[in-house]
Protein chains: 2
Amino acid sequence: MADQAVLEPTGGSRAGNRALSVMDQIREAVLNGSVAAGERLNEVRLSRALAVSRTPVRAALQALAGEGLLDYAPNRGFTVREFPLDAIVDAYEIRASLEGVAARFAAERGLSPDEKATIERSLRAGDRLLERGSFETGDLTIYRDINGDFHDTLLAAARNRMLAEMIRICHHVPVSSSRNIVAFEHRDVRRRHDDHHRIYEAIIAREPWRAEMLMREHVSSVKASLVKSMTERSRDNDADATSAGRLLVK
Amino acid sequence: MADQAVLEPTGGSRAGNRALSVMDQIREAVLNGSVAAGERLNEVRLSRALAVSRTPVRAALQALAGEGLLDYAPNRGFTVREFPLDAIVDAYEIRASLEGVAARFAAERGLSPDEKATIERSLRAGDRLLERGSFETGDLTIYRDINGDFHDTLLAAARNRMLAEMIRICHHVPVSSSRNIVAFEHRDVRRRHDDHHRIYEAIIAREPWRAEMLMREHVSSVKASLVKSMTERSRDNDADATSAGRLLVK
DNA sequence: TCAATGAAAATTACATACACTTTAGCCGCT
DNA sequence: AGCGGCTAAAGTGTATGTAATTTTCATTGA
């Protein structure tokens, strides 16, 4: 199997801790599909490929198992967890529920001046980007960042670590990762940006339950788009039902 | 610090894997408060106390950090995570939301014959226990198991692993652990058991959103009882506000 | 008295050797 | 040929030694 050539001893970004650096590299490899789902991760092979000993590799694998990205079985080591299409769709549903709670908490607890500023900036940036009726090259990537700022800031305002970690796990489900753009039309993005405005209004107005409901619907609509784009792709490919999943997990 | 005498080399229950056994022991010690929140967990001391080498101890600590029970900082090791009162109350809110989704999934997906049987059994058992107007010694413990069966079975019926793991994490927040009985009155238990009946009805009737709403309210009401009993205790103790938290975390 | 400083001690990070378990393949048997 | 058990290879689990980092604390200078 050619020593899993996708993983190279790049030295890693996080200085001073090989385990964390190794963790990032393995996560990256799993998320972008370089190692297949269900595949067994061999410690000695990984340590050779990354040019470190087995110790930090084991640490990284255990941490990734904690994130839910790997499975562990005693005396058998770690395998890449399978994420069937159902599980991926469900993850959006769970995330919708959790981010709804986050929005509620934010509305109850209020935003700091900094947080308000960040959110208002992201709203204005989105407005500007959407003024034109269509996207140019790279605009979607830009909007992805704007979107990320909005959600991250609200999550911070919820002031609850457990919630933040759970939502982060939802984001790390292979296909729902932000790097896999879930192709959207301009109209969809505009609608979602409008959602952002309304959610922010609800939070500023200190209307927790309305904020929750709006956020839930907001995230759920992403799920709907995902499902829609999947069924379309699978029809275009006039292939069997499984191909939709394969396309997306890739 | 007397070698953390609470932890003894009991051999552990899980055969064939010291790391898992060590993990159970440390978790237990953290959950029952033998090691204080914020305390630093020393590898060599733990390994001496448990009569194993540092390797399985490190593995256990890493895994527990993944569960969210410990914090990790590079070059500083692991500390017991702090759970302020706010976080504990929030955990109920999060759990309510997640179990709500679980109930919805169960209603959408339907219950297996086995699951139906288990739930109906738990409902009948609860009915019998509550026929008398008051509890005798040990009844509360029995009801705790009945309650556990109901929730566990519904969670299994949701058929989603991520959801199950997240809810499990909520349960493992120190004070919300089932071992800390949140003293309830007979009337409260009766009301909650009625909730169970209604939730089951909604699921059988395939009414997902009603099931979700009922489950959410059901779990939220536990939070309400918790907060109520806390404020009462803190009043009874005519101590300052912090004592309420201390009592419960203990 | 207090802060800065600089070893020494304590502690974690990593590497590696060895023990134990699982896996795979081979051989003999039916 | 097919099945069961044996053996070697591969792989994971544990122990321990060494390197690097943090923490402690006594010392020094203002």
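Chain letters run A, B, ... following the sequence lines, proteins first, then strands; residues in each count from 1.
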Next item on the list: Examine D:dA15: is either OP1 or OP2 under 4.0 Å from a nitrogen or oxygen in the side chain of B:Ser53? Give yes or no.
Entry: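 Looking at the OP1 and OP2 atoms of D:dA15, one of them is under 4.0 Å from a side-chain N or O of B:Ser53.
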Taking the side chain from [X] and the backbone from [Y], do they hold a donor-acceptor pair closer than 3.5 Å?
| X | Y | result |
| --- | --- | --- |
| B:Glu165 | B:Met162 | no |
| B:Glu99 | B:Ala96 | no |
| A:Arg81 | A:Gly68 | yes |

Margin query: If I take atom CZ in residue B:Arg48 and atom C1' in nucleotide C:dT11, what distance separates them, rounded to the nearest angstrom?
Written below: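 In whole Å, C:dT11 C1' lies 12 Å from B:Arg48 CZ.
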Check: What is the distance from CG of A:Leu50 to C1' of C:dA13, rounded to the nearest Å?
Finding: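 In whole Å, C:dA13 C1' and A:Leu50 CG are 17 Å from each other.
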Notebook entry, point to check: When all nucleic acid strands are considered with a 4.0 Å heavy-atom cut-off, which category describes A:Ala59: base, sugar-phosphate, or nothing?
Noted result: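 Result for A:Ala59 = nothing.
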Checklist line | Residues B:Glu212, A:Arg216; criterion salt bridge (Lys or Arg N to Asp or Glu O under 4.0 Å); working and verdict | finding: CA-CA 14 Å; B:Glu212 168 160 10; A:Arg216 250 183 112 130; 2.5 Å; yes
Notebook entry, point to check: Are the aromatic rings of A:His171 and A:His151 close, with centres under 6.0 Å apart?
Noted result: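 Between A:His171 and A:His151, the centre distance exceeds or equals 6.0 Å.
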Margin query: Distance criterion of 3.5 Å, no angle test: do you see the side chain of A:Thr55 paired donor-to-acceptor with the base of C:dA15?
Written below: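 Yes.
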Notebook entry, point to check: Do the rings of A:Phe78 and A:Tyr72 sit parallel, tilted or perpendicular, given the 30° and 60° boundaries?
Noted result: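 Tilted: the ring planes of A:Phe78 and A:Tyr72 meet at 30° to 60°.
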Using atom names, set out every protein N or O paired with an N or O of nucleotides 7-12 of chain D below 3.5 Å, distance rounded to 0.1 Å.
| residue | atom | partner | partner atom | Å |
| --- | --- | --- | --- | --- |
| D:dG11 | OP1 | A:Asn42 | ND2 | 3.0 |
| D:dG11 | O5' | A:Asn42 | ND2 | 3.3 |
| D:dT12 | OP2 | A:Glu43 | N | 3.3 |

